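In what follows, a single structure is set out as structure tokens and then discussed.
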Amino acid sequence: MEIKLNGQVAIVTCFRSGIGEGIVKCLAASGAIVIVNHSSEHSKEAAQIILDDIFVKGEQGMLSQCDVNKEVEV
């Protein structure tokens with residue numbers, strides 16, 4: 001079954017695991033605009049690499065920095 005998510009926005013907060021990266025790529029391939037959330041400046045480069053990979057395929061996304069373990073940041 002193929003699901004189209006054109007125009008939908010998806011936020012992925014745990015992209016660094018193989019599963020999280022796969023979710024980012026599947027959502028983007030389905031047409032969603034994917035927000036790749038990273039928790040700190042330390043993880044920004046890894047998030048950008050994943051985002052660049054979906055950009056190469058003509059898919060859409062952006063970065064966000066938020067530590068979801070900290071209520072004040074959410």
Side-chain angles (χ1 to χ4, degrees):
M1 177 170 72
E2 186 175 330
I3 299 173
K4 289 294 179 188
L5 300 173
N6 297 340
Q8 300 296 311
V9 176
I11 302 171
V12 179
T13 61
C14 186
F15 67 89
R16 294 185 86 179
S17 69
I19 294 170
E21 182 176 348
I23 290 170
V24 168
K25 291 178 180 182
C26 285
L27 288 167
S30 294
I33 300 164
V34 183
I35 299 173
V36 181
N37 182 68
H38 60 96
S39 60
S40 67
E41 283 297 313
H42 178 72
S43 58
K44 183 177 182 178
E45 184 177 343
Q48 186 65 55
I49 290 169
I50 293 170
L51 189 63
D52 290 344
D53 188 44
I54 68 172
F55 285 161
V56 166
K57 297 173 185 166
E59 298 157 353
Q60 298 181 55
M62 64 179 282
L63 293 182
S64 171
Q65 181 177 329
C66 173
D67 185 340
V68 295
N69 293 311
K70 297 178 181 174
E71 185 177 351
V72 69
E73 289 191 26
V74 176

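Here the structure is a predicted model, which means the values were calculated and not measured. Index from 1, following the sequence.
- Counting all heavy atoms, side chain and backbone alike, Val34 lies closest to Ala28 at CG2-N, 3.6 Å.
- Judged by distance alone, the side chain of Gln65 and the main-chain N or O of His38 form no donor-acceptor pair under 3.5 Å.
- Pairing each heavy atom of Leu27 with each of Leu5, the nearest pair is CD2-CD1, 3.6 Å.
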Pair Ile35-Val9, side-chain contact (heavy atoms from CB on, under 4.5 Å): steps then yes or no:
CA-CA 7 Å; Ile35 299 173; Val9 176; 3.7 Å; yes
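- At a threshold of 4.5 Å between non-hydrogen side-chain atoms, the residues Lys44 and Leu63 count as touching.
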Walk me through whether Val36 and Val12 qualify under side-chain contact (heavy atoms from CB on, under 4.5 Å).
CA-CA 5 Å; Val36 181; Val12 179; 5.8 Å; no
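- No donor-acceptor pair closer than 3.5 Å links the side chain of Asp67 to the backbone N or O of Ser39.
- Hydrophobic clustering (side-chain heavy atoms under 4.5 Å, transitive across Ile, Leu, Val, Met, Phe, Trp, Tyr) keeps Phe55 apart from Ile49.
- Crowding of Lys57 atom NZ: a count of heavy atoms from other residues, nucleotides or ligands under 6.0 Å exceeding 12.
- Both Ile11 and Met62 belong to a single network of hydrophobic side chains, linked directly or stepwise wherever heavy atoms of I, L, V, M, F, W or Y lie under 4.5 Å apart.
- Counted within 6.0 Å of CD on Glu45, heavy atoms from surrounding residues, nucleotides or ligands total 12 or fewer; the atom is thus considered open.
- From Ser64, atom OG reaches atom CG of Leu51 across 11.5 Å, with rounding to the nearest 0.5 Å.
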Decide yes or no on side-chain contact (heavy atoms from CB on, under 4.5 Å) for Asp53 and Lys25, but give the supporting numbers first.
CA-CA 8 Å; Asp53 188 44; Lys25 291 178 180 182; 2.9 Å; yes
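- With Ser30 contributing its side chain and Ala32 its backbone, the two residues share no donor-acceptor pair below 3.5 Å.
- Taking CD1 from Ile54 and CD from Glu59, the interatomic distance works out to 6.0 Å, rounded to the nearest 0.5 Å.
- One hydrophobic cluster holds both Ile50 and Ile23 under the rule that ILVMFWY side chains link at heavy-atom gaps under 4.5 Å.
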